[in-house]
Amino acid sequence: LSACSIAPDTVVMKDVDVNNWNEAISVEFNNDTEQVRDLSIALHVNSLFDTNKIALQIKMYSPDSLYHVEQVHLPCIVEWSQPTASCADIELPYRQNVRLKCKGKYIFEITPLTSIAGVEAAGINFKADK
């Protein structure tokens with residue numbers, strides 16, 4: 001995350017195939033509180049990224065062995081810091097006012113429904129409600 005310009009809440013990301021992201025990635029979040037959070041999909045993209053909407057399947061496994069699966073379609077807007085910039089970080093709002101009720105490890109599996117070029121890393125930003 002050292003190259004990531006997303007605000008340092010609790011961002012968990014994994015590298016993906018930059019030429020063709022089409023496989024699931026899993027990110028883990030260790031929940032130690034019942035604090036309300038906003039969840040955003042975080043993407044580190046390069047100049048090959050050229051889409052204005054992505055479709056994802058997101059599976060969430062809770063510490064008490066339950067899971068939830070959903071498909072989401074999220075609009076994407078990339079703001080390049082300079083015309084010559086080669087990479088950017090974007091956040092796509094996913095869920096607001098989420099309370100993860102169980103303490104322990106949550107696993108989120110993110111799978112693109114179609115191949116996406118130009119994504120270098122993907123994950124979730126767990127923003128604490130302040």
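Owing to the predicted nature of the structure, the values given are computational and were not obtained by experimental measurement. For this chain, numbers begin at 1 and follow the sequence in order. Just so it is clear, the values below take in all heavy atoms, side chains as well, and ignore hydrogens, waters and symmetry mates.
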Note to self: When you compare the side chain of Val69 with that of Gln57, does any pair of heavy atoms fall below 4.5 Å?
What the structure shows: yes
Notebook entry, point to check: side chain to side chain donor-acceptor pair (under 3.5 Å): which pairs involve residues 12-25, sequence neighbours left out?
Noted result: Asn20-Ser115
Check: With sequence neighbours excluded, what pairs up with Glu109 under the salt bridge (charged side-chain N to carboxylate O under 4.0 Å, His left out) test?
Finding: Lys59
Margin query: Quick check on Asp50: does its CG atom have over 12 non-hydrogen neighbours (other residues, nucleotides or ligands) under 6.0 Å away?
Written below: no
Next item on the list: Using ring pair (Phe, Tyr, Trp, His ring centres under 6.0 Å) as the criterion, list what pairs up with Phe29, not counting sequence neighbours.
Entry: Phe126
Checklist line | Nearest-0.5 Å distance that lies between atom OG1 in Thr10 and atom CG in Asn31 | finding: 10.0 Å
Checklist line | Nearest-0.5 Å distance that lies between atom CG in Leu56 and atom CD1 in Ile116 | finding: 6.0 Å
Margin query: The criterion is ring pair (Phe, Tyr, Trp, His ring centres under 6.0 Å); which residues satisfy it with Tyr61, sequence neighbours excluded?
Written below: Tyr67
Check: Hey, what do you get for CG (Leu92) to NZ (Lys53), rounding to the nearest 0.5 Å?
Finding: 12.5 Å
Checklist line | Closest heavy-atom pair and its distance - Leu48, Gly118 | finding: CB-CA, 3.8 Å
Checklist line | Closest heavy-atom pair and its distance - Ala42, Val11 | finding: CB-CG1, 4.3 Å
Checklist line | Between CD1 on residue Ile124 and CD on residue Glu28, distance to nearest 0.5 Å | finding: 12.0 Å
Notebook entry, point to check: Taking atom CG of Leu66 as the centre, does the number of heavy atoms from other residues, nucleotides or ligands within less than 6.0 Å exceed 12?
Noted result: yes
Item checked: Heavy-atom closest pair, residues Glu91 and Ser40 -> OE1-CB, 3.3 Å
Margin query: Would you say that Phe108 contacts Val12 through its side chain, given a criterion of any heavy-atom pair below 4.5 Å between the two side chains?
Written below: no
Check: Is there a side-chain contact between Val18 and Val119, using heavy atoms and a 4.5 Å cut-off?
Finding: no
Margin query: Going by the rule salt bridge (charged side-chain N to carboxylate O under 4.0 Å, His left out), which residues pair with Arg99 if we only count those two or more places apart in sequence or in a different chain?
Written below: none
Note to self: For a 4.5 angstrom cut-off between non-hydrogen side-chain atoms, does Arg95 reach Met60?
What the structure shows: no
Next item on the list: May I ask you to test the Val78-Leu43 pair for a side-chain heavy-atom distance under 4.5 Å?
Entry: no
Margin query: Nearest 0.5 Å, please: how far is NE2 in His44 from CG in Asp89?
Written below: 5.5 Å
Check: Closest heavy-atom contact between Ala122 and Val27?
Finding: O-CG1, 4.4 Å
Next item on the list: Please name all residues satisfying ring pair (Phe, Tyr, Trp, His ring centres under 6.0 Å) with Phe49, sequence neighbours left out, ordered by chain then number.
Entry: none
Margin query: Contact between Pro63 and Lys103 at the side-chain level, heavy atoms closer than 4.5 Å - yes or no?
Written below: no
Next item on the list: Work out which heavy atom in Val36 is nearest to a heavy atom in Asn97; give both atom names and the distance.
Entry: CG1-CA, 3.4 Å
Margin query: Using every non-hydrogen atom in the two residues, find where Pro93 and Leu74 come nearest and quote the distance to one decimal.
Written below: O-CD2, 3.5 Å
Check: Can you tell me how far the OH atom of Tyr94 sits from the CD atom of Glu70, to the nearest 0.5 Å?
Finding: 3.5 Å
